[in-house]
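Here is the structure we will look at.
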2 protein chains.
Amino acid sequence: MVTMKEISAQAGVSVSTVSLVLNNRDKGRIKPRVAAQIRQVARDLGYRPNLMARSLKTSHTHILGFLSKEVATTPYAGPIILGAQDAASQYGYVIMTVSADDPRSSEETEISALERYGVDGFFLAEMSNRKAQVPSSLQNYPTVLVNATDGHPASSTTPNQIHHTGIAPDERLIGYDATMRLIHAGCTRIAYVGCSEPMLAEGLRLEGYKEALREAGLPFDSSLVTAVLNNGPALHSVRELIETQHPDGIFCFNDARAWYVYDTAARLGLTIGKDISVVGVDNHRIFAETLEPQLSTVELPHYEMGYWAACKLISMIEPERELDFSTSPRPLRATLPPLDSEGDVLIHCSLVDKNSVITQ
Amino acid sequence: MVTMKEISAQAGVSVSTVSLVLNNRDKGRIKPRVAAQIRQVARDLGYRPNLMARSLKTSHTHILGFLSKEVATTPYAGPIILGAQDAASQYGYVIMTVSADDPRSSEETEISALERYGVDGFFLAEMSNRKAQVPSSLQNYPTVLVNATDGHPASSTTPNQIHHTGIAPDERLIGYDATMRLIHAGCTRIAYVGCSEPMLAEGLRLEGYKEALREAGLPFDSSLVTAVLNNGPALHSVRELIETQHPDGIFCFNDARAWYVYDTAARLGLTIGKDISVVGVDNHRIFAETLEPQLSTVELPHYEMGYWAACKLISMIEPERELDFSTSPRPLRATLPPLDSEGDVLIHCSLVDKNSVITQ
DNA sequence: CTGTTAGCGCTTTCAC
DNA sequence: GTGAAAGCGCTAACAG
């Protein structure tokens, strides 16, 4: 690793001059010719600043700590991290990841590890949308929740608790949009296959479903609603729902639950997208690549949430900095909320139309 | 952040004494009473070392750089990172992640970012098993490939290229074990549903399939073999294979392809695990939680590869250090190769028996 | 046994 | 315009 000292020797100037020039603070201070020469030498020697040393002085590391729960078992971590990374890398930051669900070392231990490296701020990422408890050790850091909202009420009795910014899918709108899609396709007996595990998303998507029905003047019929978990029991519940209630459209809590509809349809000789319409939630790659006909589904914007969260975090760390979504390295598949949003920020998820809804 | 200086003041000793004690180098040098007092003060003040400062001095950051390709679109990143993190955290390391598939910033840029932070070594992770080209900028760092092997031949004509250690699934054995499972269940017409995309795993799993057939004295019949991609076309190929060839067992390249068998079975009124047996590869959570009957499948040990790779990397950085797999925070679902393995290390994946294979 | 000193690579104030 | 000097928090060689 070549240092400023070597450059200064080579260029016959002092280290401080080198520092000034390489940090572009030379305008009107250092003679242009000298500056140019220093830059040249730096380039020739392949100089790269030692960020540890810089951080020590500036106490500003440009490291963002990414703390995630349940990475082990869910497939969503990748896209969220990637989104955060893309934004970070764009603005000269880097991400240090730790997981908060190690059965042995506690969350506090992991946070502490990141603190010792002097991270400038934290992400707290959940793998399914929930109200998260922000550890008190993060109170003094810029912190953004990803796929979560702050579980600590804003108007709390414990007054010195900060209500942290968090970004999460607008679950109610997911239910509303998905159901509306079926309504607009002409479905009139629309079932909902929910999730029997307690999840924030479940109640909200169901609400959205009801709201869409109401708005369309369709009756809410609880016998068209079921909540299932996994594998056989789930499949049987869905099969029974379809066989006894004969819905013409089904809104499923997620793509996995839509699979039960596909399987049942195959068994009953029904054609998805013709005899029965289905809308899922997730647009998970695995289902997107596998199901036939392809499933119309509301995409959960994990990449986008990661991207937004990183932009938000950077803007909290450097309030004066101008950030711009339009320069994201990958296309954003959902409209990001403005960066000055605070508190619980909801993102409107896109419905991806494929072939599982009837076309009139 | 409380510093050693504050502790030294509080305890009435010099900073170097504090340093000695807090790094446990005080035995036989510092009076036990003084040492104890220093430790007490440190605890009272909640001292935590500034790792940046330490690194500056020791040029040893305890940061591992994790460089991954294709994180965007695959669900495997989480488990690999988690495995690496668990090992890292256990041995006092931390992981900095960057992705090498940003369409704009190049791999070199990302590596460079990690280098500037002084990472002690690199992971190079692929999302599907392949021969990876290790960037020349990593030649001088301890580097371990994850889910990949070094694409640069060991006996190369370019002599000063190092052949890096990489860990990857033993694909041939996957094909062999899966097929053997079907053979032992009594299947005699065993089909293979492969992947039509060029992938390292495809050829090797097919080889393992053939080898198992040969060993069992079953003929290889190319009309029982197909290679498919996604969605409709894949489903139709599988359906045709089943309808024309009537296999009694099917080894599928992965769980997703097994779904085509499930769908076809549902349509034809065949019962999986009775009329027809299926073995997949992946044990992907999404299929594990969804399919009914549950799919017997060879598990790809992403967590384990990440864990092994981190242990390997740490042992390269600190050769004298004693590492021990038995202390992993999560159960290891595959037997890890010994840590002194070099070059292309293959991991024997476990076949997870569920209910998609006939029981006699 | 413990303190002094120097220095890791960089930034920044203040003299010249 | 440029350099000298101090110091970020820590480690380590060397004195005492």
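What you are looking at is a predicted structure, and each value in this text was computed from that prediction instead of being measured. Note on naming: letters A, B, ... go to the chains in the order of the sequence lines (proteins, then strands), and numbering restarts at 1 for each one. No hydrogens, no waters, no symmetry mates; every other heavy atom, side chains included, goes into these values.
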Handout entry: Electrostatic pair A:Arg330-A:Glu304, nearest N-O below 4.0 angstrom
Key = no

Problem - Phosphate OP1/OP2 of D:dA12 contacted by B:Arg25 side-chain N/O (<4.0 Å) - result: yes

Exercise for the section: Measure the distance from CD on A:Gln37 to P on D:dT2 and round it to the nearest whole Å. Expected result: 11 Å

Practice task
Check whether any side-chain heavy atom of B:Tyr307 sits under 4.5 Å from a side-chain heavy atom of B:Pro329, and report yes or no.
Solution key: yes

Exercise for the section: Could you state the atom-to-atom distance from CD1 of B:Ile30 to C1' of D:dA12 in whole Å? Expected result: 13 Å

Exercise for the section: Look at B:Tyr47 and D:dC10 and indicate whether a side-chain polar atom (N or O) is within less than 4.0 Å of OP1 or OP2. Expected result: yes

Exercise for the section: Side chain of A:Arg54 only, please: which of C:dG9, C:dT11, D:dT11 is the nearest? Expected result: C:dT11

Problem - Pair A:Asp26 + A:Arg39, salt bridge at N-O below 4.0 Å - result: yes

Problem - Separation of atom NZ in A:Lys31 from atom P in D:dG3, rounded to whole Å - result: 10 Å

Handout entry: Between P of D:dC10 and NE2 of B:His60, the distance in whole Å
Key = 18 Å

Problem - Rounded distance (Å) that lies between atom P of C:dC10 and atom CG of A:Asn24 - result: 15 Å

Problem - B:Glu126/B:Lys131 salt bridge by N-O under 4.0 Å criterion - result: no

Practice task
Nearest whole angstrom, please: distance from the C1' of C:dG9 to the CG of B:Leu56.
Solution key: 6 Å

Handout entry: Given C:dC10, D:dG9, D:dC10, the nucleotide with the shortest approach to the side chain of A:Pro49
Key = C:dC10

Handout entry: A:Arg29 side chain near D:dG1 phosphate (N/O to OP1/OP2, under 4.0 Å)
Key = no

Completion exercise
Of D:dA4, C:dT11, D:dT2, the nucleotide closest to the side chain of A:Ser16 is D:dA4

Handout entry: Spacing between A:Asp26 atom CG and C:dT12 atom C1', to the nearest angstrom
Key = 15 Å

Problem - Presence of donor-acceptor pair under 3.5 Å, side chain of A:Lys57 and base of C:dG9 - result: no

Exercise for the section: Kindly assign one of parallel, tilted or perpendicular to the pair A:Phe66 and A:Phe123, based on the angle between their ring planes and the thresholds 30° and 60°. Expected result: tilted

Problem - Phosphate contact (D:dT2 OP1 or OP2) by A:Thr17 side-chain N/O below 4.0 Å - result: no

Completion exercise
Quick note, A:Thr3 side chain, CB onward, closest among D:dT2, C:dT11, C:dG9 is C:dG9

Practice task
Compare side-chain N and O positions of A:Asn50 against OP1 and OP2 of C:dC8 and report whether any pair is under 4.0 Å apart.
Solution key: no

Practice task
Would you kindly give the CG-to-C1' distance between A:Leu20 and C:dC10, to the nearest whole Å?
Solution key: 12 Å

